[in-house]
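So that the names make sense, note that chain A is the first sequence line, chain B the second, and so on, each numbered from 1.
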Protein chains: 4
Amino acid sequence: MLNRVILIGRLTKDPELRYTPAGVAVAQFTLAVDRPFSREQSSEREADFIPIVVWRQLAETCANYLRKGRLAAVEGRMQVRNYENNEGRRVYVTEVVADNVRFLESPNREGGASQGRDEFAGNSGNSGGGGYGGSSRSSGPRNSGNNNQDPFADDGKPIDISDDDLPF
Amino acid sequence: MLNRVILIGRLTKDPELRYTPAGVAVAQFTLAVDRPFSREQSSEREADFIPIVVWRQLAETCANYLRKGRLAAVEGRMQVRNYENNEGRRVYVTEVVADNVRFLESPNREGGASQGRDEFAGNSGNSGGGGYGGSSRSSGPRNSGNNNQDPFADDGKPIDISDDDLPF
Amino acid sequence: MLNRVILIGRLTKDPELRYTPAGVAVAQFTLAVDRPFSREQSSEREADFIPIVVWRQLAETCANYLRKGRLAAVEGRMQVRNYENNEGRRVYVTEVVADNVRFLESPNREGGASQGRDEFAGNSGNSGGGGYGGSSRSSGPRNSGNNNQDPFADDGKPIDISDDDLPF
Amino acid sequence: MLNRVILIGRLTKDPELRYTPAGVAVAQFTLAVDRPFSREQSSEREADFIPIVVWRQLAETCANYLRKGRLAAVEGRMQVRNYENNEGRRVYVTEVVADNVRFLESPNREGGASQGRDEFAGNSGNSGGGGYGGSSRSSGPRNSGNNNQDPFADDGKPIDISDDDLPF
DNA sequence: TTTT
DNA sequence: TTTT
């Protein structure tokens, strides 16, 4: 066993934060990772769209600081799940279970020239966004007290993630 | 863009070697990569089964030296392809396109104590298995002159790989 | 053999661009890579300072686009050189020979809100900074015609890099 | 911050196991990592010799199962320490601090055909060599009760590692 | 279903 | 559909 993936790309959407029945946080998002420039094919730029899963503290940090379009570095391992869909067919899902996510762009401050300290977050005690400084109306962490961020708001829809999927 | 994967695992089957219409070699195999030991779940050991694709020289080297059950290290990038299946549904396929494969076990020689030099093979000019020494009836490279290894033997079946998939 | 390093950090100085006697471009710079936050030690943030070497086209691209303080991702392999210093003592130098460098911050345009397309550059045919768009007086590529950038200006000082160090 | 190294190579010597004054286990060894084959230089094969450091449980597992000449995969981060030597000169030491080590060869059993299960060991609770099966006089774990393995036997010599070096 |  |  050795299974290590490192990706840099941009979020195609805001992360989705859920909670397992046992109350464990999970966030999911997709990273668009540009392929190396293939000179012959004059066609437009191509990318791989890679699903990322993060758990616990790191999930909440990602949900708070990452947004659609943002550049991020992700470190983790490849995981292939499979399940039977409602037509009785086996479906295979490949994702990267991240244990380290690095935010490569600080949200632009109000009228600002941007570029503060870049942030990282890991899942091994050193998470929490460590010293994230500038927060502002438009670009700071969301999710404090506004009800539409309530993770249980999605309870109506089935979640296909159980605690058994917990990788640690 | 940055997209790097490194895996160590065992082949679930012998590699399959094909050729594109333009004559470019492609090999495919699946690597069983043991997951990190999860102590709670007393259940049996788990693994991720990860599809690997290799092209050109490296494809032929892999087809010659790798076999079911063999341990290998694979370096490459994650790629997500998608196509429409015969029911008009879009299917997503995630694979690792390898540019470096390392053979971590030399095939056991006849009565041998095993463990010769370990082999690697890259796709950047340094491939070819560079100096692979011991070959023997049962464990050396196959594919020389025996017709059932003829890559065109599979021509009857459609190949879902076109030259457009060439990653370089 | 398998030897892969991936780093994200900031340049401690502008890159130094030299040329070997045979005319091959080499650039060197140091990356400050923050260590994972160690909670106990309340002391200030620590970093590892890691020497990077890049060759050929990629060297020139780095010299053109990277600057002190800029954030970059570097992919390559660890290399340990050793030489005898002028006191007859053997000195060991560890560096990362990069084959892929990604510029994680576009230089801020004049009064600009920054954040254009992020750039990457590889050493395998896909280099050249591929379509870098915005250049401006203060932040675009330097090195065109201004003499103090002449790589041979440093000829007086000995260069401890020979063509034998060429990794490809 | 992102700092990831993955190496495969052979130990140049048996690992050295020490203990810090506070009783924390540290093991050190050097990995010979073959460089990619450079076709032009007909000279002999070259390698990089890379110092590895491992802490705690993983240190003891390495000391027990790794030996000179054995093939191993190492995952960790690059670290650059520096200290003043006895001539008042600043010396820089680059090492890989490993958090995952994989034993790629099981020790050959007595008359055995070799190739048992391959072993790994991590530093995050899943260490301990998890289910290592076959042990024998000549190739099993050492260090049980034989005095010359006593870690404090080296106490006379100064150790240049303090608890401050603890990376977690 | 995709990002800049 | 999976390897040891």
Please tell me which of the listed nucleotides, F/dT3, E/dT1, F/dT2, lies nearest to the side chain of A/Y92?
F/dT2
So B/G9, base contact, sugar-phosphate only, or nothing? Heavy-atom distance under 4.0 Å.
nothing
Check the distance between F/dT3's C1' and B/I52's CD1 and give it to me in whole angstrom.
13 Å
Just compare E/dT3, E/dT2, F/dT1 and give me whichever is closest to any side-chain atom of A/T30.
E/dT2
Any side-chain heavy atom of B/T30 within less than 4.5 Å of one from B/F49?
yes
Rounded distance in Å - CD (B/E16) to P (F/dT1)
17 Å
Here the distance between atom C1' of E/dT4 and atom CG of A/D48, to the nearest Å, is 16 Å
Would you mind reading off the distance between B/R70 atom CZ and F/dT3 atom P, rounded to a whole angstrom?
15 Å
Using atom CZ of B/F49 as one end and atom P of F/dT4 as the other, report the distance to the nearest whole Å.
10 Å
Euclidean distance, atom CZ of residue D/R102 to atom C1' of F/dT4 [Å, nearest integer]
10 Å
d(CG, A/L104; P, E/dT3) in whole Å:
19 Å
Using the test side-chain hydrogen bond (donor to acceptor under 3.5 Å, both in side chains), find all partners of B/N82 that sit at least two apart in sequence or belong to another chain.
B/R90
Do side-chain atoms of A/N3 reach the backbone of A/M78 as a donor and acceptor pair under 3.5 angstrom?
yes
A/D34 side-chain proximity, nearest of F/dT3, F/dT1, E/dT4:
E/dT4
Between A/K13 (NZ) and E/dT2 (P), how many Å, whole number?
9 Å
salt_bridge(C/E105, C/R10) N-O dist < 4.0 Å
yes
From the list E/dT3, E/dT1, F/dT3, which nucleotide is the closest neighbour of the side chain of B/R90?
E/dT1
For B/A59, enumerate each residue passing the side chain to side chain contact (heavy atoms under 4.5 Å, CB included) test, keeping only those at least two apart in sequence or located in another chain.
B/L17, B/A25, B/A27, B/V54
Proximity to the side chain of A/T12 - top-ranked nucleotide from F/dT1, E/dT2, E/dT4
E/dT2
